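Quick note: residue numbers are just sequence positions, from 1. Keep in mind the model is a prediction, meaning the values are calculated, not measured.
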Amino acid sequence: MDLFEFTRKGILEKDAPLASRVRPRTLDEVVGQEHIIGEDKLLSRAIRADRIGSLTFYGPPGTGKTTLAQVIANTTHARFVQINATTAGKKDMEDAIQKARDALGMEEKRTILFVDEIHRFNKAQQDYLLPFVEDGTVILIGATTENPYFEVNRALVSRSRIFELRPLSKESVRTLLERAVSDRERGLGNMDVDLDSDAADFLADISNGDARAALNALEIGALTTPPGPDGRIRIDLNVASECIQRRVLNYDRDGDNHYDTVSAFIKSMRGSDPDAAVYYLARMLYAGEDVKFIARRIMICASEDVGNADPQALVVAVAAAQAVERIGMPESQIILSQAATYVACAPKSNSACNAIFSAMNSVKTEPTGGIPPYLKDAHYSGAKDLGRGLTYKYPHDFENHYVEQQYLPDELVGRRFYEMSDNGYEKGMKAWLKRIGKYRDSEDR
């Protein structure tokens, strides 16, 4: 490294963004991702023992992929070379491979080649690395925000161990923010910054598990907010919202507003108002509500409030819940909107919901009636001797696949648990039961 290169590197380190300056240097400093770097996990043991093989780190931005690579760089005795696939070309890879060969031959030293954004390499570029990974010239560590099973050469994937990084928890992001504020060596400790608790919560929550986004917002706030009369820079909730360019909503996932908004959302769907339903959906999504939680509420409403008036509503709601788990945001907002508006517009009936509550109440409060013998299981030796199933009438043997037969216990004959409505598909179901004589309206009984 010449003098100019040394000077340039020093300036870049000094003026680097806060998120880069406070990046953990050792495994003990890493926050989050306990599922792969917990005390007894394979990756942490491999890093501490300096026995790293080819790896691929896969996960959303700001979750620590490059950080883990840097921790490995600071821990390993091997050479560590980093390139970024968005800017590197064939010549950069050739140089890295040649130097790795020289280090192995002259110094008996292995080389770890870290390729950030490896999915940006085209197939030919990825194929070029394959033989050198295969023969051990380099230990490849790739980082990608895309699914490596789709975006990375299958042969490279088969020679690597995949570690999926998850979005950081709110608590983990808040820990990083507080560490950055107090760190005098690499953070904002020398700037006398006060980060309000609600501002820290907001940044940790709204960053959606992306530590880099939260730290960038913190740095902007610290650099653009003038000191107060006491000489300290105060980052409150308003400053935090301006820095991350998101309006603060009065929405606390553990507070009254959370439950009020969810309640309004459900009642709007129940009340057949799709406009109100999608508005409250938007409020929840904007505030960072868990899409899986929203999907669960839509499924419940589809069964509880729509029921058999439109059985397709539950099908749509369940399909939406499965889709949002596979797709994630921001596309999930479209899927949730479709499901919520469908449920809101569907004909309503809570008859099936009331039926199970009525039946459960009977089971809990009344003597349990005996099951008619012909309905009992007859598929075992000796069942006929006990009179099981002997006089059972198989409905499909009769006209219209129906035959008059008692199903309820003797003690409950004539009891109605399922009071059907005249809405939607349930009206047709009710008409069919009336036609075969299995249903009479309350006033006719």
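Counting heavy atoms from C-beta outward, Arg120 and Asn84 have side chains that stay 4.5 Å or more apart. Counting only heavy atoms from C-beta outward, the side chains of Glu171 and Arg174 never approach each other to under 4.5 Å. Looking only at side-chain heavy atoms (C-beta outward), Asp210 and Pro60 stay at 4.5 Å or farther from each other. Taking the side chain as every heavy atom from C-beta outward, Phe265 and Ile298 approach each other to under 4.5 Å. Proximity of Val31 to Leu168: side-chain heavy atoms (C-beta onward) are nowhere separated by under 4.5 Å. Using a 4.5 Å heavy-atom threshold, the side chains of Phe57 and Leu43 count as touching. Between Leu285 and Val291 there is a side-chain heavy-atom pair separated by less than 4.5 Å. Within the 4.5 Å cutoff, the side chain of Leu433 has no heavy atoms near those of the Met429 side chain.
When atom types are taken as modelled, the side chain of Asn354 and the backbone of Ser351 share no donor-acceptor pair closer than 3.5 angstrom. Distance alone, capped at 3.5 Å, is enough to place a donor-acceptor pair between the Arg184 side chain and the Gly189 backbone. Without hydrogens or angle criteria, Ser20 side chain to Pro17 main chain gives no donor-acceptor distance under 3.5 Å. Looking at Arg283, its side chain never comes within 3.5 Å of a backbone N or O of Tyr279 through a donor-acceptor pair. Under a 3.5 Å cut-off, the side chain of Lys427 and the backbone N or O of Ala309 do not form any donor-acceptor pair. With hydrogens and angles ignored, the 3.5 Å screen pairs no side-chain donor or acceptor of Asn350 with any backbone N or O of Cys353. Checking side-chain atoms of Gln126 against main-chain N and O of Asn153 turns up a donor-acceptor pair under 3.5 Å. With hydrogens and angles disregarded, no donor-acceptor distance shorter than 3.5 Å links the side chain of Glu219 to the backbone of Ala19. Thr225 places a side-chain N or O within donor-acceptor distance of the main-chain N or O of Gly221, the cut-off being under 3.5 Å. Remark: the backbone N or O of His77 is paired with a side-chain donor or acceptor of Asp50 at under 3.5 angstrom.
With rounding to the nearest 0.5 angstrom, the OH atom of Tyr286 is 7.0 Å from the CD1 atom of Ile206. To the nearest 0.5 angstrom, Arg326 atom CZ is 6.0 Å from Gln322 atom CD. Summarising the geometry, atom CD belonging to Glu411 is positioned 9.0 Å from atom OG1 belonging to Thr368; distances are rounded to the nearest 0.5 Å. Summarising the geometry, atom CZ belonging to Arg101 is positioned 4.5 Å from atom CZ belonging to Phe132; distances are rounded to the nearest 0.5 Å. Here the CD-CZ distance, from Glu366 to Arg415, works out to 4.5 Å after rounding to the nearest 0.5 Å. Atom CG of Asp201 sits about 10.5 Å away from atom CG of Asp196, to the nearest 0.5 Å.
Residue Arg212 qualifies as open at atom CZ: its count of foreign heavy atoms under 6.0 Å is 12 or below. Open room surrounds CZ on Arg166; 12 or fewer heavy atoms of other groups in view lie less than 6.0 Å from it. Residue Met360 places its CE atom among 12 or fewer non-hydrogen atoms of other residues, nucleotides or ligands, all under 6.0 Å distant. Atom CD of Gln338 is surrounded by 12 or fewer heavy atoms from other residues, nucleotides or ligands within 6.0 Å. Within a 6.0 Å sphere centred on OH of Tyr128, heavy atoms belonging to other residues, nucleotides or ligands number more than 12. Around the OH atom of Tyr149, the shell of radius 6.0 Å holds no more than 12 heavy atoms that belong to other residues, nucleotides or ligands. Surrounding CZ of Arg232 are more than 12 heavy atoms belonging to other residues, nucleotides or ligands, all under 6.0 Å away.
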*Walk me through it: do Glu426 and Tyr418 pass the test side-chain hydrogen bond (donor to acceptor under 3.5 Å, both in side chains)?*
CA-CA 11 Å; Glu426 197 167 45; Tyr418 184 25; 2.3 Å; yes
*Give the intermediate values and the outcome of side-chain hydrogen bond (donor to acceptor under 3.5 Å, both in side chains) for residues Gln98 and Asp102.*
CA-CA 6 Å; Gln98 186 56 52; Asp102 293 342; 3.1 Å; yes
*Show the numbers, then the answer: is there a side chain to side chain contact (heavy atoms under 4.5 Å, CB included) between Lys41 and Ile36?*
CA-CA 6 Å; Lys41 299 299 182 180; Ile36 61 173; 5.6 Å; no
*What's the verdict on side-chain hydrogen bond (donor to acceptor under 3.5 Å, both in side chains) for Arg23 and Thr67, showing C-alpha distance, side-chain angles and the deciding distance?*
CA-CA 6 Å; Arg23 178 171 282 145; Thr67 292; 3.2 Å; yes
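For the pairing with Leu140, the side-chain contact (heavy atoms from CB on, under 4.5 Å) check across Leu55, Leu156, Ile112, Leu130 returns one residue only, Leu156.
Across every non-hydrogen atom of Ala85 and Glu117, the tightest pair is CB-O, 3.0 Å. Ser272 approaches Lys348 most closely through the heavy-atom pair OG-NZ, 3.0 Å. The minimum heavy-atom distance linking Thr261 with Tyr280 is given by the pair CG2-O, 4.1 Å. Of all heavy-atom pairs between Ala277 and Ser268, the closest is N-CB, 3.6 Å. Val157 and Pro148 get closest at one heavy-atom pair: CG2-O, 3.5 Å. Smallest separation of non-hydrogen atoms from Ala211 and Leu176: CB-CD1, 3.6 Å.
Checked for salt-bridge contact, Asp28 and Arg48 meet the test: a charged N lies under 4.0 Å from a carboxylate O. Between Lys99 and Asp95 there is no salt bridge, since no side-chain N of the basic residue sits under 4.0 Å from a carboxylate O of the acidic one.
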